[in-house]
**Student:** 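First the structure, which I've put down as structure tokens, then a few questions once you've had a look.
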Amino acid sequence: MNKTNILLSATTLFLSSTVALAQTTLIKNVHGYTLEENNLRQFSAIQFTNDKVDKLFSTNENYPENTDWKIIDGNGATLLPGLIDAHGHVLSYGQSLMNADLVNTTSEAEAVKRTVEYANKNKSLTWITGRGWNQVQWDNKTYPSAKALDKYFPDTPVWLSRIDGHAGWANSKAMAIAGINKNTKAPSGGEIIRDKQNQPTGIFVDNAMALIEKNIAELTVTQQKKILLKAMNSLASLGLTSVHDAGIDTKNLQAFIQLSTENKMPIRINAMLYLPTKNWQQTLTKGSFHSDDNMLNFNSVKIQADGALGSRGAAMIKDYSDHAGHKGLLLHDEKSLKHYINTAMKAGFQVNTHAIGDSANKIVLDVYQDSIKATDTKALRHRVEHAQILRLQDIPRFSELGVIASMQATHATSDKNMAVDRVGETRILGAYAWRKLLNANAIIAAGSDFPVESANPFFGLHASITRQDKHNAPENGWFGEEKMTRIEALKSFTLDAAYSGHQEKLIGSLSPGKKADFVLLQDDFFKIKETEIWKNKVLQTWVNGVQVYRNILK
Ligand SMILES: [Zn+2]
């Protein structure tokens, strides 16, 4: 990427937009809420000029009459600051909208059936790809096999990712193309599942997934831009005005930069560069990138310390409670992990490291402790992505080190049945431990990890507040003492998520001078019954003072 050219064209766009006349808009007749620190402020109308908020009107305050303002009647809808997802995967989400969707399948047979249906509708594909199966939700709870696919796909390669993206299911044709056989060794940090005769069954875990994936043709930048746009428009329809993209390669970054310079971004993106990826050192040397309109920011990296809990890839200090002798996987040895973290910190980048198991979390916090001191970068607000299973003694270290816990509430409600099996009754007390973290003064940035979970932020708000699934189970919430209040949950999806992207002065709440990013909702988030929070509907989404989504039924 040529940064000088990019900066130049971004400046040109900015100059031409300031020449345009200022347009002031007033949206009246709303139940508006925003946060000022930890306090709720209510308002009945919002006035903004171009991309910035001018004023919030209190309930009994009069609006000026006879102006040339554009006046919009909110018809009593609820207005909240735009919601921010601090951890999602935009390209995979876009692909999930286009690939075979295996989410919520109840058996291997159903997953195969859906893949066949998808293939019948998309006959020109050279590879059949899909995503979203989860054997934990299936009757037999066992991994699927290549054989089940081979019957329907003898000559077409098939590759289906698990819901968490930490394992993939290949058919025999895909394995043949990849040259996989009995003698193929798994790379470090990866696992090939084998049968009793030592034959690969078709399941590839973590780093072993690349053995298959490297044979699938890479998307071009133009193809990526199309998928990213589809994804971002879908995210806007859910009420998200900003997303932190948790680990992209340099090509994906280039696609975002092109969309931003073409002024096509419907929502804000904070991009994290995945480490290690092709040309990562050179990309970091070039420094951070911020578009003038702040629609695209790149000042962080994503590193993966371990795998996921469902596939027992999360690195634990002691054995899994349901698998003796097994402690999960660290995806990099400690020396490499230190190297990536140090290099990024030295280059002035915020470091966001995925850690799920208690061992991975401890190691990441240890490395952060040394590296933050050595590089003097506490102010960069480094993060742990997921921070899912923590030793109780590691919880206070987040606020001590100024490290943000970037957590996904719906992981708790989706994992609840499996998590206790995996880690047992004692370790679970430090798992998905929002209340313990908040009590220890940690900042929690909320997200969903879409497409692992639904991108709908109201599902996350509901899970944060109730610790229940959509069937209101379990009663009083799963480890209900960890629940957040509505204000805390909203803060984690707005101001604190903005803080975790160094943007709390720009977005995350509504006040004069901040960006006009907000959503209009059907139901009042603060009055709706707890059990109904996830059902709220987005009527309109506004980003930078521009309406980017409108529910046409309303
Ligand atoms: Zn993720």
Side-chain angles (χ1 to χ4, degrees), residues 84-97 99 103 131-134 161-168 189 205-207 209-210 213 227-228 231-232 235 238 240 242-249 252-253 256 269-277 300-311 313-315 328-332 337 340 350-357 360-361 364 382-389 404-415 419 431-432 444-457 459-460 463 492-493 497 500-501:
I84 303 169
D85 189 317
H87 185 123
H89 302 274
V90 183
L91 189 66
S92 333
Y93 176 67
Q95 287 178 299
S96 77
L97 300 174
N99 288 349
V103 174
R131 184 184 179 105
W133 57 273
N134 181 1
S161 317
R162 194 178 185 277
I163 182 81
D164 59 8
H166 284 274
V205 182
D206 286 316
N207 287 353
M209 294 168 73
E213 283 172 349
I227 299 171
L228 293 172
M232 288 190 284
L235 296 167
L238 300 171
L240 292 167
S242 173
V243 161
H244 299 186
D245 200 337
I248 65 175
D249 62 14
N252 194 160
L253 181 61
F256 273 131
I269 296 290
N270 246 359
M272 311 177 198
L273 182 71
Y274 193 84
L275 259 54
T277 191
S300 57
V301 301
K302 161 84 180 290
I303 300 167
Q304 187 114 354
D306 65 346
L309 194 63
S311 47
L329 302 163
L330 266 190
L331 301 189
H332 308 292
L337 192 65
Y340 300 136
Q350 178 189 39
V351 177
N352 305 336
T353 309
H354 162 124
I356 291 197
N361 274 285
V364 170
H382 305 295
R383 309 175 12 174
V384 175
E385 302 303 308
H386 310 304
Q388 210 167 82
I389 300 151
I404 293 163
S406 166
M407 302 178 82
Q408 300 73 33
T410 43
H411 279 340
T413 46
S414 301
D415 292 355
Y432 316 85
I444 297 180
S448 66
D449 206 6
F450 64 74
V452 176
E453 300 280 352
S454 163
N456 188 328
F459 293 4
S492 72
F493 267 102
S500 77

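Both counts, for ligands and for their atoms, begin at 1 and track the order of listing. For reference, positions follow the sequence shown, starting with 1. Every heavy atom of this structure was used, including side-chain atoms; hydrogens, water molecules and symmetry mates were not.
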**Student:** Does the side chain of R383 pick up a donor-acceptor pair with the side chain of S500 at under 3.5 Å?
**Tutor:** yes

**Student:** Any chance the side chains of T277 and D249 put a donor and an acceptor closer than 3.5 Å?
**Tutor:** no

**Student:** Using a 4.5 Å cut-off on heavy atoms from C-beta on, say whether the side chain of Y274 contacts that of N252.
**Tutor:** no

**Student:** For the Zn ion (ligand 1), how many protein N, O or S atoms come closer than 2.8 Å?
**Tutor:** 3

**Student:** Looking at A497, is its backbone amide N or carbonyl O close enough to the side chain of S492 to form a donor-acceptor pair, meaning the two atoms are under 3.5 Å apart?
**Tutor:** no

**Student:** Would you find a donor on one side and an acceptor on the other, under 3.5 Å apart, between the side chain of D206 and the backbone of G307?
**Tutor:** no

**Student:** Taking the six-membered ring for Trp, are H87 and H386 parallel (under 30°), tilted (30 to 60°) or perpendicular (over 60°)?
**Tutor:** tilted

